[in-house]
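Below is one structure, written out as structure tokens; the observations come after it.
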2 protein chains.
Amino acid sequence: MKRNSRLSLALHTLSHMAGEPAQVRTSSDIAEHAGTNPVVVRRVLGRLRDAGLLSSEKGHAGGWRLARAPQDITLADVYLALNESLVASTEEPETAECSLEHALHRRVADVLEDVEKTLIHRLSETSISEIRGA
Amino acid sequence: MKRNSRLSLALHTLSHMAGEPAQVRTSSDIAEHAGTNPVVVRRVLGRLRDAGLLSSEKGHAGGWRLARAPQDITLADVYLALNESLVASTEEPETAECSLEHALHRRVADVLEDVEKTLIHRLSETSISEIRGA
DNA sequence: TCATCATGCAACTATCGCAGTTACAAAGAA
DNA sequence: TTCTTTGTAACTGCGATAGTTGCATGATGA
Ligand code: FES
Ligand code: FES
């Protein structure tokens, strides 16, 4: 695994689980399937659980399970749950005095925000259950 | 300077130069103005020169100058000249066997490509000369 | 009850991208 | 020829993140 793999891991796992929504899976199983580490899986899926997409349970027969019907989980839900952005942001200029820099930053930031919204909107058009049949 | 500052540096410098298009500036002057290093400036502006937005000359009275009228240089021109992307890309799954992973990657990649196009289109609506008056 | 299994989490390592820096070669003007 | 400026390679430092180890916590069931 390399860069930006959190979203890939999350989507892969959820799409896989969408095939058998009732099935409980351990982070070890998921990690082996995805070719990564159980701790990494728990880190990523933990965010999805916090967002209400998954539930997790400890102990015997514990593990991870979908918390919603797969057709009610869109790619945007997953993207937002991870709380990361695939669109870069520009940092505020620290020299807040120059109006040119301000105008520039504003302009670019506006465009990037619009683009982020476009991304989320496009992702919301597909649910994880649609991936299997796609 | 921190992250994703190449575009910021490029736009700042070009917008600044748009105020006096005929003026020649050295990378030292530009670096001092932008609060960074001359070598970094040359690295970034070198890309803009390769893309035909700037010209550079060595020796006495040498330096950097706009190669086009500022109203003919759009933010998209600058963005594309840098040959970097502000929209993340997902990497091809190495296990090319699973159709689910393929479908997933395809879907996400399609969305990201669309979003990148949207970004470029939005950036092409503004020229660097418009920033000053904005 | 208590051994076992799973998650939760903290801490550490390895790696990658990138800004910053140093050093020097190459080219052009005075 | 000498000074100035770009062009580039090589290195350092930093931040982000995947991977790893270790252990605490809690649930299950024998
Ligand atoms: S800080 Fe204002 S133009 Fe550079
Ligand atoms: S569903 Fe995981 S590799 Fe195909």
Side-chain angles (χ1 to χ4, degrees), chain A residues 1-13 17 23-51 53-67 82-91 93-94, chain B residues 1-13 17 23-51 53-67 82-91 93-94:
Chain A
M1 259 211 213
K2 285 183 197 168
R3 217 139 238 268
N4 256 314
S5 54
R6 287 193 293 244
L7 182 63
S8 298
L9 173 58
L11 288 177
H12 178 183
T13 302
M17 292 174 94
Q23 179 82 25
V24 173
R25 277 161 246 253
T26 68
S27 49
S28 288
D29 291 344
I30 296 167
E32 192 178 0
H33 179 86
T36 181
N37 190 287
V39 178
V40 175
V41 170
R42 290 200 282 267
R43 275 207 285 248
V44 172
L45 299 196
R47 303 242 187 152
L48 304 185
R49 180 199 54 229
D50 295 346
L53 307 183
L54 285 174
S55 63
S56 64
E57 276 170 40
K58 295 179 176 177
H60 281 85
W64 300 85
R65 187 195 324 250
L66 289 180
L82 291 178
N83 202 31
E84 66 182 7
S85 178
L86 295 186
V87 178
S89 54
T90 57
E91 52 256 41
E94 66 283 347
Chain B
M1 259 213 210
K2 286 182 198 168
R3 218 139 236 269
N4 256 315
S5 54
R6 287 192 295 242
L7 182 63
S8 298
L9 173 58
L11 288 176
H12 178 184
T13 303
M17 292 175 95
Q23 179 81 26
V24 173
R25 278 161 244 253
T26 67
S27 49
S28 288
D29 291 344
I30 296 168
E32 192 179 1
H33 178 87
T36 182
N37 189 287
V39 177
V40 174
V41 169
R42 291 200 284 267
R43 276 207 286 248
V44 171
L45 298 196
R47 302 239 187 157
L48 304 184
R49 181 200 53 229
D50 295 345
L53 306 182
L54 286 174
S55 63
S56 64
E57 273 169 42
K58 295 178 176 177
H60 281 86
W64 301 84
R65 186 195 326 247
L66 289 181
L82 292 178
N83 201 33
E84 67 183 6
S85 179
L86 295 187
V87 178
S89 54
T90 58
E91 52 256 40
E94 65 284 344

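Lettering of chains follows the sequences in order, A, B, ..., and the numbering in each one begins at 1.
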Phosphate OP1/OP2 of [N]: any [X] side-chain N/O under 4.0 Å:
X: Arg6(B); N: dC18(C); result: yes
X: Arg42(A); N: dT7(C); result: yes
X: Ser5(B); N: dA19(C); result: yes
X: Ser56(A); N: dG8(C); result: yes
X: Ser27(A); N: dT7(C); result: yes

For this session: Between Val39(B) and Arg49(A), name the one whose nearest nucleotide on DNA chain C is closer to the 5' end.
Result: Arg49(A)
Quick check for you: to the nearest 0.5 Å, what is the distance between [X] atom [atom1] and [Y] atom [atom2]?
X: Leu9(B); Y: Leu82(B); atom1: CG; atom2: CG; answer: 9.0 Å
X: Asp29(A); Y: Gln23(A); atom1: CG; atom2: CD; answer: 8.5 Å
X: Arg49(B); Y: Glu57(B); atom1: CZ; atom2: CD; answer: 11.5 Å

Whole-Å distance separating the [atom1] atom of [X] from the [atom2] atom of [N]:
X: Arg47(B); N: dT8(D); atom1: CZ; atom2: P; answer: 12 Å
X: Ile30(B); N: dT5(D); atom1: CD1; atom2: P; answer: 12 Å
X: Arg43(A); N: dA10(C); atom1: CZ; atom2: C1'; answer: 10 Å
X: Asn37(A); N: dA14(C); atom1: CG; atom2: C1'; answer: 14 Å
X: Leu9(A); N: dA18(D); atom1: CG; atom2: P; answer: 9 Å
X: Glu32(A); N: dT20(D); atom1: CD; atom2: P; answer: 13 Å
X: Leu54(B); N: dG7(D); atom1: CG; atom2: C1'; answer: 15 Å
X: Asp29(A); N: dC5(C); atom1: CG; atom2: P; answer: 14 Å

Exercise. Under the side-chain hydrogen bond (donor to acceptor under 3.5 Å, both in side chains) test, which residues partner Thr13(A), sequence neighbours left out?
Worked result: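 Thr13(A) satisfies side-chain hydrogen bond (donor to acceptor under 3.5 Å, both in side chains) with no other residue.
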Problem set entry | Set of residues satisfying side-chain hydrogen bond (donor to acceptor under 3.5 Å, both in side chains) with respect to Ser28(A), sequence neighbours excluded | none
Exercise. Under 4.5 Å between any side-chain heavy atoms of Arg6(B) and Arg43(B), yes or no?
Worked result: no
Problem set entry | Donor-acceptor contact below 3.5 Å, side chain Ser5(B) vs main chain Ser8(B) |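 Not at all, since once roles are kept as given, no pair shorter than 3.5 Å links the two residues.
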Scan nucleotides 27-29 of chain D against the protein and return all N/O pairs shorter than 3.5 Å with their distances rounded to 0.1 Å.
unit_1	atom_1	unit_2	atom_2	d
dT28(D)	O2	His60(A)	ND1	2.8

